[in-house]
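Below is one structure, written out as structure tokens; comments come after it.
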Amino acid sequence: MLKMAKFTLSALVLTTTMFLGACSGSNSDTNGTESDHEVEKVSFTIGYASGDPAAKKAIADTIQRFMEANPDIKVKDYSENSSSSYLDWLKTKDAVGEFPDLVEMRDTEVFADAGKIVELPSDLVQLLDSPPAVEGKVWNAPLSMNAPQGIIYSKKAYADAGITELPKTYDEFIAIQEKLKASGMTPLVVGGKDIFHMGFWVNKFLIDDVYSKDPNWNSKKTAKKVSFTDENVVQAMTDYKELFKNYVDKGWLSTPDNQTASFLITGKAAQLYSGTWMFSQIEEADPNFEYGFYAVPDRNGKVNIIGLPSPAGWSLSAEVAKDPEKTEAIKKFIRFFFEPEQYSQYLASINGIPSTKEKVKYKTGEAMQVALDLMNDPNVTKSLAINNWWGENLIQPQFRNWFYKKLQEMVVNDGDVKIYMQQVDTEYDNQVKANSM
């Protein structure tokens, strides 16, 4: 059992005064023991990325179940829907003195170097299946493993357009887009209003042309041994631009991520490029909607996906680590989160892949089975998004969002890819220089 948190002096004085006032004139023979007072609960704050509705609900539901099972602990949820990036949201919370006690950490090295988080307690590390270490230290308990992204498509739209086979090369994928377009359908919806969503397509092309061939490209770029103006990067961003210009819904820049599923279900678009977490959103919105899922191959027919582990997940703040009572309450929550009965509900809500040693199972549909098969296929190259690498391959913390916004501008302005990549290369070098001063 956790000990109850002690009152602060002012709270104790206030509570005692109220208690004596309420009891004056009574015949109570109590001696003022702790049982006569309403003792304050142990409480801690929590913060997590809330851009994806399914993930937000899954975590919020887990928090509620935890508090029901542990009435002596209160969890204060700081998370909120925000148009800002998650990194910017966390920095704002830190600036106003509200950095969460328990935080879903994605930019681990940034906050570890700043002394804002501590290493994950060793008894929690033991729950996890080979969590990534940064400089030999494990900072996070991953909520789930990185899952592949790919095309979620309407089976009806494919049938109506006469598409009977899934693509074996990127050129065949483009031929499918032409068929959908010729049949009068908008091929793709993109939630460009949310900057994180831009990373889905950007990283698909970067992984195909850059990271699948050179996982250490980021570190080489930092050392100025490679450039965004190199032919492979220019090709990747040219494919990105051409796809958006020719096949993406024209309102993509004002479409939020949480509306993309409705575009698919209502037939406003035939396809969405996203991750497995979207499956539950689609099924909840329309249980009868028939959809499929596949990874888009590169020009040579090779399949490359996001699928490597990365240092991200639940982390304890350095401040809360100074409070043993709150720390124990947080550890109790993390153990609860990963209990098979609880964790299976979370994973089922987001169609996630477990990060624990104990392999939690839940009922999966056809699309999720495709994702699991991709993860288990040794011929499929597993990689990471540009901002998910760590160590020497860590990019500058502000670069990702700047880069994605620059690519949005390139599409809108029909800009020259080579000229834009020159600007990107210069900005990357400037950020490296600024952050090293």
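Here the structure is a predicted model, which means the values were calculated and not measured. Just so you know, residue 1 is the first one in the sequence shown, and it goes up from there.
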Find the distance between [atom1] ([X]) and [atom2] ([Y]) and round it off to the nearest 0.5 Å.
X: Thr260; Y: Ile265; atom1: OG1; atom2: CD1; result: 9.5 Å
X: Asn218; Y: Asn393; atom1: CG; atom2: CG; result: 5.5 Å
X: Glu339; Y: Thr356; atom1: CD; atom2: OG1; result: 11.5 Å
X: Ile353; Y: Thr364; atom1: CD1; atom2: OG1; result: 11.0 Å
X: Phe263; Y: Ser154; atom1: CZ; atom2: OG; result: 14.5 Å
X: Tyr48; Y: Trp89; atom1: OH; atom2: CH2; result: 9.0 Å

* Verdict with supporting geometry, Glu427 and Gln431, side chain to side chain donor-acceptor pair (under 3.5 Å) -> CA-CA 6 Å; Glu427 176 65 19; Gln431 288 194 22; 2.8 Å; yes
Whether the side chain of [X] engages the backbone of [Y] through a donor-acceptor N/O pair (distance < 3.5 Å, no angle test) should be reported.
X: Gln408; Y: Gly192; answer: yes
X: Asp249; Y: Gly251; answer: yes
X: Lys302; Y: Asn379; answer: yes
X: Ser50; Y: Glu80; answer: yes
X: Asp214; Y: Asn216; answer: yes
X: Gln345; Y: Glu341; answer: yes
X: Asn146; Y: Leu308; answer: yes
X: Asp101; Y: Thr45; answer: yes
X: Asp107; Y: Val110; answer: no

Taking the six-membered ring for Trp, are [X] and [Y] closer than 6.0 Å centroid to centroid?
X: Tyr211; Y: Trp389; answer: yes
X: Tyr428; Y: Trp402; answer: no
X: Phe66; Y: Phe337; answer: no
X: Phe205; Y: Tyr170; answer: yes
X: Phe200; Y: Trp277; answer: yes

* Asked: Side chains of Ser85 and Asp88: donor-acceptor distance under 3.5 Å anywhere?
  -> yes
* Side chains of Asn304 and Asp208: is there a donor and an acceptor less than 3.5 Å apart? -> yes
So, do [X] and [Y] sit near enough that their side-chain heavy atoms are less than 4.5 Å apart?
X: Ile305; Y: Lys382; answer: yes
X: Tyr420; Y: Asn413; answer: yes
X: Asp77; Y: Ile59; answer: no
X: Asn351; Y: Phe293; answer: no

* Let me see the working for Gln396 and Asn435 under side chain to side chain donor-acceptor pair (under 3.5 Å), right down to the final yes or no. => CA-CA 8 Å; Gln396 305 307 301; Asn435 289 324; 2.7 Å; yes
Which atom of [X] lies closest to which atom of [Y], heavy atoms considered:
X: Ser355; Y: Phe338; value: OG-CE2, 3.8 Å
X: Ala312; Y: Arg106; value: CB-CA, 4.1 Å
X: Pro378; Y: Asn376; value: CD-O, 3.3 Å
X: Glu109; Y: Gly391; value: OE2-N, 2.7 Å
X: Tyr343; Y: Leu143; value: OH-O, 2.7 Å
X: Ile350; Y: Ala55; value: CG2-CA, 3.7 Å

Between [Y] and [X], does any NZ, NE, NH1 or NH2 come within less than 4.0 Å of an OD or OE carboxylate oxygen?
X: Asp94; Y: Lys116; result: yes
X: Asp239; Y: Lys204; result: no
X: Asp425; Y: Lys221; result: yes
X: Asp129; Y: Lys359; result: yes
X: Arg65; Y: Glu68; result: no
X: Lys57; Y: Asp61; result: yes

* Would you please classify the geometry between the Phe399 ring and the Phe403 ring as parallel, tilted or perpendicular, with 30° and 60° separating the classes? => parallel
* Measure the acute angle between the ring planes of Tyr153 and Tyr294, then classify it against the limits of 30° and 60° as parallel, tilted or perpendicular. => tilted
